[in-house]
2 protein chains.
Amino acid sequence: MGTTEDKLAERARQRREYDAFLAQCPSRQLLDRISDKWVALVLAALGSGGPHADPDVVGEPTPMRYSELARRLSGVSQKMLTQTLRHLERDGLLTRTVEPTVPVTVTYELTDLGLSLHGVMRHLKTWAEAHMDEVAAHRVEHDAAVAV
Amino acid sequence: MGTTEDKLAERARQRREYDAFLAQCPSRQLLDRISDKWVALVLAALGSGGPHADPDVVGEPTPMRYSELARRLSGVSQKMLTQTLRHLERDGLLTRTVEPTVPVTVTYELTDLGLSLHGVMRHLKTWAEAHMDEVAAHRVEHDAAVAV
DNA sequence: CAGTATCCAGCTAGATACTG
DNA sequence: CAGTATCTAGCTGGATACTG
């Protein structure tokens with residue numbers, strides 16, 4: 001009956017099977033793959049669902065075209081963007097849809113799985129933006145202490 | 001009066017100042033730094049507060065010694081562990097305490113700032129462990145489709 | 001115990017040129 | 001438009017040896 005108990009039991013079960021602390025565990029490799037700046041930003045872009053960027057609300061998937069993503073993620077190279085998108089597609093986090101127009105139109109959209117990761121990842125981006133000042137202050141302090 | 005409104009307003013303000021989508025924004029560099037496997041695992045270790053690994057409960061900081069961390073994060077090299085710890089210390093996410101015993105005893109402990117990032121990061125590790133099966137299935141499917 | 005120092009293989013990722 | 005292909009500088013990170 002309890003979906004809460006079910007969820008907790010399921011999580012516990014999977015945590016017994018997979019442990020990212022172990023070098024050989026597949027989840028360690030997965031953690032490595034998703035611990036990536038471009039992954040975080042692609043997910044943030046495709047999941048941001050327009051202006052309501054409230055971090056406490058899971059956004060709708062926002063389909064975006066390749067060139068839109070390239071523009072949004074300033075500084076990304078074609079290579080890294082394509083590579084990141086291919087990885088995420090292979091892992092089932094997003095779909096790649098090709099419309100046979102001329103020239104061709106390619107759209108990327110988060111799957112439910114991708115949306116679930118987005119729910120986690122966007123907090124990372126938000127955290128970085130929210131605590132940048134604090135971190136910067138610590139760096140100044142730390143560097144000053146070392147210099148003495 | 002509402003702390004909720006205050007928090008939201010504060011977040012919105014900071015999001016106007018910092019935008020990790022911009023290559024030049026300091027928060028982009030911060031995002032890059034924290035989007036790291038070893039950062040995720042060090043935080044997970046120092047914040048896991050013993051056996052109650054329930055991802056919905058923020059753990060107490062768990063002080064750990066260098067060698068404990070090295071054992072916990074299987075596969076980490078001395079270089080990467082030390083480097084990661086130094087970065088996190090400089091950014092104010094953890095403290096490094098040296099007890100002048102013989103031989104010396106060094107303890108690492110999350111600060112409040114580090115604990116707040118841990119609150120976000122541990123979901124990443126949990127997600128990787130919880131969705132590994134699904135991702136693996138997608139890969140098989142995807143690779144099969146490509147092979148045809 | 002908790003590092004530091006050094007070397008180097010290999011991967012990452014940017015730049016550039018080209019294409020259906 | 002949305003890539004692919006190629007080359008390469010340089011950074012990452014592992015291995016190894018040494019130290020207060």
Side-chain angles (χ1 to χ4, degrees), chain A residues 20-24 28-42 45-46 62-90 94-109 142 145-146, chain B residues 20-24 28-42 45-46 62-90 94-109 142 145-146:
Chain A
F21 279 122
L22 304 175
Q24 304 311 326
R28 164 72 79 87
Q29 269 89 59
L30 182 56
L31 180 63
D32 198 17
R33 161 136 318 163
I34 64 179
S35 297
D36 179 271
K37 177 180 49 176
W38 300 127
V39 169
L41 291 174
V42 165
L46 291 178
T62 308
M64 287 179 77
R65 304 193 32 194
Y66 182 89
S67 50
E68 286 183 293
L69 282 168
R71 237 173 294 118
R72 191 78 217 274
L73 310 201
S74 96
V76 70
S77 64
Q78 278 195 341
K79 180 177 171 180
M80 289 315 297
L81 181 54
T82 300
Q83 195 175 95
T84 302
L85 290 169
R86 290 287 186 275
H87 283 158
L88 295 178
E89 185 194 5
R90 177 166 183 258
L94 53 77
T95 58
R96 176 176 180 271
T97 309
V98 182
E99 284 179 88
T101 51
V102 177
V104 60
T105 303
V106 180
T107 308
Y108 294 90
E109 182 169 4
H142 183 265
V146 170
Chain B
F21 279 124
L22 304 175
Q24 304 310 327
R28 164 72 78 88
Q29 269 90 58
L30 183 56
L31 180 63
D32 198 17
R33 162 139 313 165
I34 64 179
S35 297
D36 180 270
K37 179 181 46 177
W38 300 126
V39 169
L41 291 175
V42 165
L46 291 178
T62 308
M64 289 178 76
R65 306 193 29 193
Y66 183 89
S67 51
E68 286 184 293
L69 282 168
R71 238 174 294 117
R72 191 77 217 273
L73 310 201
S74 94
V76 71
S77 64
Q78 279 195 340
K79 179 178 172 179
M80 289 316 296
L81 181 55
T82 300
Q83 194 174 96
T84 302
L85 290 170
R86 290 289 186 273
H87 283 159
L88 295 178
E89 185 194 5
R90 177 166 183 258
L94 53 77
T95 58
R96 177 175 180 272
T97 309
V98 182
E99 285 178 271
T101 51
V102 178
V104 59
T105 303
V106 180
T107 308
Y108 294 91
E109 181 168 5
H142 183 265
V146 170

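Quick note on labels: first sequence line is chain A, next is B, and so on, each numbered from 1.
F21(A) places a side-chain heavy atom less than 4.5 Å from the side chain of L41(B). Between Y108(A) and L88(A) the shortest side-chain heavy-atom distance does not fall below 4.5 Å.
Heavy-atom nearest nucleotides on DNA chain C were determined for R71(B) and for T82(B), and the one closer to the 5' end corresponds to R71(B). Mapping R86(B) and P103(B) onto DNA chain C via the closest heavy atom, the residue that lands nearer the 5' end is P103(B).
In terms of heavy-atom proximity, Q24(B) sits nearest to Q29(B) at O-OE1, 4.2 Å.
Across all strands shown, the partner of dC1(C) is dG20(D), judged by Watson-Crick or G-U wobble contacts whose two distances both fall under 3.5 Å.
Taking 4.0 angstrom as the limit, Y66(B) places none of its side-chain polar atoms (N or O) nearer than this to OP1 or OP2 of dT4(C). Distances shorter than 4.0 Å separate some side-chain N or O of R65(B) from OP1 or OP2 on dA2(C). Put simply, R96(A) has a side-chain N or O that comes within less than 4.0 Å of OP1 or OP2 on dG3(D). Contact annotation: S67(A) side-chain N/O to dA2(D) OP1/OP2 distance is under 4.0 Å.
Rounded to whole Å, atom C1' of dC1(D) lies 10 Å from atom CD of Q78(A). Put simply, CD on E99(A) is 13 Å from C1' on dA2(D), counting in whole angstrom units. For the pair L81(A) CG and dG3(D) P, the interatomic distance rounds to 8 Å; values are reported in whole Å. Atom NZ of K37(A) is separated from atom C1' of dT12(C) by 11 Å (rounded to the nearest Å). When the P atom of dT4(D) is taken as reference, atom CG of L85(A) falls 10 Å away, rounded to whole Å. Rounding to whole angstrom units, NZ of residue K79(B) and C1' of dT16(D) are separated by 12 Å. As a whole-Å value, the separation of M80(B) CE from dG14(D) C1' is 10 Å. In this structure, the CG atom of L69(B) is 9 Å from the P atom of dA2(C), given to the nearest Å.
Checked by atom type and distance alone, the side chain of T84(B) never pairs as donor or acceptor with a backbone atom of V39(B) at under 3.5 Å. For R96(A) (side chain) and T107(A) (main-chain N/O), no donor-acceptor pair under 3.5 Å exists by modelled atom type.
Within the nucleic acid shown, Q83(A) has no heavy atom closer than 4.0 Å to any nucleic acid atom.
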